[in-house]
Amino acid sequence: MLNLLLRRLALGVMTLWVVSVIIFAGTEILPGDVATAILGQTATPENTAAIRAQLGLNEPPHERYISWLGGFLQGDLGMSLTSRRPVADQIGFRLENTLLLAAVAAMIAVPLAICLGLVAAIRQGTVFDRGISVSTLLAISLPEFFIGYILIFFVAVHLGWLPSMSNVNARMDLWDKLPLLILPALTLTLVSVAHMMRMTRAAVISVMNSPYIEMAELKGIRNWRIVVQHALPNVLSPIINIVILNLAYLVVGVVVVEVVFTYPGMGQYMVDSVSKRDVPVVQACGLIFATVYVGLNMTADILSILANPRLRHPK
Amino acid sequence: MSDLLLEMKKLRVEARGADGATNAIVNNLDLRLERGEVLGLIGESGAGKSTIGLAAMAYARTGCRIAGGQVIFDGTDLMQEDEETLREMRGVRAAYIAQSAAASFNPAKRLNQQVCEVAIRHGVMSEEDAVARAIELYGKLHLPEPRTIGRRYPHQVSGGQLQRVMSAMAMTCGPDLLVLDEPTTALDVTTQIEVLATVRELIRQNNNAALYITHDLAVVAQIADRIMVLRYGELVEEGPTTKILNDPDEAYTRELVSARKAVVKPRVQIVLPEHPVIAIRDVTASYDGKVDVLKKVDVVIGKGETVAIVGESGSGKSTLARVVTGLLPPHEGHVEFNGKPLSRALKQRSKDDLRRIQMIYQMPDVAMNPRQSVAEIIGRPLTFYFGLTGQKRDQRVLELLGQIDMDPVFAERLPGQLSGGQKQRVCIARALAAEPDIIICDEVTSALDQVVAAGILKLLDRLQKETDIAYMFITHDLGIVKNIAERTVVMYQGDVVEQGSTLDIFTPPQKQDYTRKLIASVPEMRTDWLDEVLRERGDLFEIDARGRT
C-alpha cells in the first residue's frame with residue numbers, strides 16, 4: 001500500500017510540474033510584449049530594449065523558466081509589474097483571506113451536507129427527503145451572485161444584521177473578520193451543499209441494497225445505525241472525492257462571490273492582474289491555484305486508498 | 001401444541017413489478033415448524049423459498065410485501081406487531097444465515113464487530129461477554145485460531161471459514177429459529193461438507209428449529225427431518241425426508257429427484273485419440289508472471305469426444321480455457337489444433353482458427369447483448385464467418401433454432417424475454433452457427449436449476465452425435481461429469497492430479513487421494529450419506545489443511 005501512496009504522490013508532483021510548464025508557456029505566448037505593455041504610449045525602441053534587459057526578457061525561455069520555477073520554490077514570486085512590489089507580499093494577505101473564507105464555508109457546508117445526505121438516505125422517499133432534494137437543487141440552480149445579492153438584500157439591507165460588504169483588512173483580527181465572513185460563507189455553503197449532499201445520499205442508497213445491509217436488518221440493528229455504521233464506511237471513498245472537489249471549488253472558484261461582497265481574495269486579485277497584464281502575478285496566482293487543486297485531489301485519492309480495508313489490511 | 005414454534009397460515013407475499021402490477025411470489029402457504037425440527041424448503045429458483053424464509057422473520061425484501069396471512073412465532077402473530085417489536089426479535093430469537101457469506105459481511109468492518117453486534121445492540125450481553133461468546137462459538141465451529149480470527153476483515157479469511165463465522169454470528173444470542181438460505185451453495189464440494197457438518201452439529205447441540213432452504217435435494221437430505229417441495233410460490237408436496245426421496249407422490253418431485261440421478265449416457269472410451277482436435281502440451285501460464293496458475297498441463301481432446309475438466313475454485317480450469325481460446329498466452333508450452341501449433345495470442349490467430357473454437361459461458365445473461373434479438377445473436381457469426389446475409393441467413397437461423405429445440409417464434413424475441421434455460425440454448429446455437437470443431441463449455445449448467453440443466457446436457461449430447469463436435473467441459477459439479485464425459489481431467493491448484501477414462505476415475509478405489517476426496521464430497525441422494533462420509537473422513541480430509549489459511 002505504501003507503494004501505491006508513493007506512486008500517487010509522485011504523480012501529483014508530476015502533474016504540478018506539467019502545470020507549471022503550461023502556465024509559463026501560456027503567459028509566454030500571450031499576444032503583446034510585457035515591456036511594451038508596461039511602457040504603453042511612451043514605448044520607444046530604446047526604452048523597450050532597456051526594460052527587456054532589466055526584466056531579463058532577452059534570456060532564452062527555458063532559462064527564464066528555470067529561474068522562475070527556482071524562485072517560486074524558494075518563495076520568491078517575482079515583482080509585480082504594475083505596483084513594482086514583490087508579488088509574495090501582496091498575495092500573502094489575499095491568499096490568507098481566500099483560505100479563511102474557504103475554511104469557514106467548508107466548516108458549515110461539509111458537516112451539513114453529509115448530515116443532510118445521511119438523513120435523506122435514512123428517510124428515503126419521505127417528504128423530508130424530497131424537501132431536502134428540492135431545496136438543495138434550487139440552491140445549486142441559482143447563480144451564486146444572485147444568492148449573494150438576495151442574502152445582502154434580506155440579511156444586510158432589510159434586517160440590518162450583518163454588513164453587506166466584506167472589506168476585511170490586514171489590521172483586523174479573526175474575531176473582527178468573522179461577522180464579515182458570514183454572508184459570503186453562507187452563499188458558498190448554499191451553492192456547494194447540494195452537490196455533496198446528493199452524492200452522500202446516492203452513495204449510501206447505492207449500498208443499501210447490498211446483502212450485508214439486509215443481513216444487518218435481519219440482525220435487528222436500528223436503521224440509523226445501519227446507515228451510519230454499515231453503509232457509510234463503505235462509501236467513504238466517493239464522499240471524500242466529492243467533498244474535496246468542493247473544497248477545491250471553495251478556494252479556486254469563488255471570484256464571483258468575492259466580487260459581490262468586495263472581499264479582497266485571490267480570485268479578484270488574479271482577474272485584476274489579467275486585465276493589467278501583470279504577468280508575474282498571473283503566473284503566481286495560477287501556480288498557487290494549481291497547487292491547491294492538485295494537492296486537494298491528491299489528498300482525496302490518498303484518503304480513498306486509506307479508507308479501503310483491502311488495501312489497509314492485505315491478506 | 002407447546003412444541004410448535006412457527007406457524008404460517010395462508011401466507012401471501014407480493015412483489016411489485018416495474019410496471020406497478022403486483023404478482024404473488026408466495027401464495028396461500030401453510031407451514032408448521034416444531035422446536036428442534038429441521039424443515040427443508042426445496043424448489044427451483046423462483047419457487048419462493050427465500051421469500052418464505054425471510055417471511056418467517058416478518059421481513060420482505062425491497063419491492064416485496066407480505067400481503068396476507070399470519071406468521072405466528074411462538075404464539076404471537078408477527079403481522080400484528082409493530083416494527084420495533086420485530087426489530088427486537090430479529091437476530092435474538094430468530095437468526096438468518098445467507099447464501100453468500102462473502103456478500104453478507106460488511107467489507108469495511110472486522111468480523112468480531114459484526115458477530116458481536118447482535119448481542120451488544122440488543123442489550124443481551126456486554127461487549128466482553130459477546131467477544132467471549134464469539135470465541136467460544138468459533139472454537140465449536142472448528143475455525144482456526146478462534147481467539148484472533150475475529151480481528152480479521154472478511155476478505156482475510158476463506159469462503160468456507162466466512163460461512164462458519166456467519167453461523168457463529170447467527171448463534172450468538174441462542175435463537176429459537178434459524179433460517180438457512182442456501183448456506184453451502186456458493187462453496188466447493190469439499191468445503192460444503194465441512195460447513196454442512198458443522199451447521200448440522202450446531203443445530204443438534206442447541207436443539208434449534210431450522211428452516212433449511214436449498215435447491216439441492218441431496219444436501220437437504222442430510223439435514224432435514226421433513227421436506228416441503230415448492231414451485232411457483234405454492235406447495236407441491238410435503239413429507240418426511242425419506243418419503244420425498246424414495247417415494248414421492250407428485251410428478252414434479254419425481255422429476256427433481258431424477259434430475260440428480262439422470263444418466264444421459266454411460267460413456268466408455270479409454271483409448272487416447274490418435275489425431276486430437278486440441279492438444280494442450282506442457283502448458284504453464286500465469287496472470288502476473290510470478291505465480292503459475294497452470295503448471296505443465298497436458299491434455300488432449302479428440303474428435304467427437306467430451307473431456308471434463310474438474311476441480312475446485314482456484315484449480316486453474318477456467319484459466320485452461322483462456323489459454324486454449326488465446327485470451328491468456330502461456331509462457332511455456334503450446335496448444336496444437338488439428339495437429340498444427342496454434343498461435344499463442346488471440347490476435348495472431350486466423351479467422352478460421354477462431355471459428356473452429358467456440359465457447360459457451362456460465363452466465364447466458366451476460367454473454368448476450370440484451371438489445372439484440374435472438375435472430376441477430378445467432379445470425380452474427382453466420383455473417384462474420386460465412387458472409388451469409390438476408391434470406392440465407394434467416395433460413396440458417398431457423399435451422400439452428402430447430403437444432404436446439406426452439407420454436408421459430410423465438411427468433412424475434414430479446415434475451416430478456418427468455419428463461420435461463422432458453423438463453424443458454426441460444427448461446428449454444430450461436431456457438432454452433434460457427435460450425436466449430438470444439439466447443440469449450442465453461443460451467444454451462446452451474447447457473448441453471450437441475451431440471452433445466454439436465455435438458456441442456458441432453459441437448460449437448462444430441463448435438464455431439466449429430467455433428468461429431470468435441471467438448472471441453474469445465475465444471476465443478478462432479479455429479480454431471482459421469483453422464484457426459486468419456487474422459488475426465490482432475491485439477492488441483494494448477495496441476496493435473498489425474499486424468500483418464502471417466503469410468504476409471506469414478507470407480508473406486510481411486511488412485512489419487514485428492515480425486516477420492518473430491519468424489520466422496522458429492523452429496524448423494526440418501527439420508528445417511530453425510531454420516532458415512534464423516535466416518536470415513538480421517539486422512540482423506542487432511543489435504544484440506546494444506547493451502548487454506
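Reminder, nothing fancy here: chain letters follow the sequence lines and each chain counts from 1.
In this structure, A:Glu217 does not pair ionically with B:Arg90, as no charged nitrogen and carboxylate oxygen lie closer than 4.0 Å. Note on B:Glu84 versus A:Arg222: salt bridge recorded, some NZ/NE/NH1/NH2 to OD/OE distance being below 4.0 Å.
For A:Arg123, the CZ atom sits in a loose shell: 12 or fewer heavy atoms of surrounding residues, nucleotides or ligands are nearer than 6.0 Å. The local environment of CG in B:Asp82 is crowded, with over 12 non-hydrogen atoms from other residues, nucleotides or ligands closer than 6.0 Å. Heavy-atom contacts from other residues, nucleotides or ligands closer than 6.0 Å to OH of B:Tyr287 number more than 12. More than 12 heavy atoms of other shown residues, nucleotides or ligands fall within 6.0 angstrom of atom NE2 in B:His215.
The main-chain N or O of A:Lys219 is found under 3.5 Å from a side-chain atom of B:His122 such that the two form a donor-acceptor pair. With hydrogens and angles disregarded, no donor-acceptor distance shorter than 3.5 Å links the side chain of B:Glu88 to the backbone of A:Gly220. Judged by distance alone, the side chain of B:Asn106 and the main-chain N or O of A:His230 form a donor-acceptor pair under 3.5 Å.
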Just do the side chain to side chain contact (heavy atoms under 4.5 Å, CB included) check on B:Met166 and A:Met215 with the steps written out, would you? CA-CA 10 Å; B:Met166 183 153 63; A:Met215 183 50 104; 3.3 Å; yes
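A 4.5 Å side-chain heavy-atom check between B:Tyr153 and A:Arg312 finds at least one atom pair inside the cut-off. Side-chain contact between A:Gln229 and B:Gln114: absent, with no pair of heavy atoms (C-beta onward) separated by less than 4.5 Å. Considering only heavy atoms from C-beta on, B:Phe105 stays 4.5 Å or farther from A:Pro211 through its side chain.
Neither the backbone nor the side chain of B:Leu86 comes within contact range of chain A, judged by heavy atoms closer than 4.5 Å. Heavy atoms of B:Ala103 lying under 4.5 Å from chain A belong to its backbone as well as its side chain. With a threshold of 4.5 angstrom between heavy atoms, A:Asn308 does not approach chain B through any atom at all.
The candidate from B:Met169, B:Met89, B:Gln99 with the greatest count of non-hydrogen atom pairs under 4.5 Å with chain A is B:Met169. Listed options B:Pro107, B:Ala98, B:Gly91 were ranked by heavy-atom pairs under 4.5 angstrom with chain A; first place goes to B:Pro107.
Taking OG1 of B:Thr62 as the start and CD of A:Glu214 as the end, the distance is 8.0 Å to the nearest 0.5 Å. Taken to the nearest 0.5 Å, the CG atom of A:Leu218 stands 10.0 Å off from the CG atom of B:Asp181. Rounding to the nearest 0.5 angstrom, the gap separating the CD1 atom in A:Ile226 from the CZ atom in B:Arg121 is 11.5 Å. Note that OG of B:Ser104 and CD1 of A:Ile213 are 11.0 Å apart. Values are rounded to the nearest 0.5 Å.
Between B:Glu117 and A:Ile221, the closest heavy-atom pair is CG-CD1, 3.6 Å.
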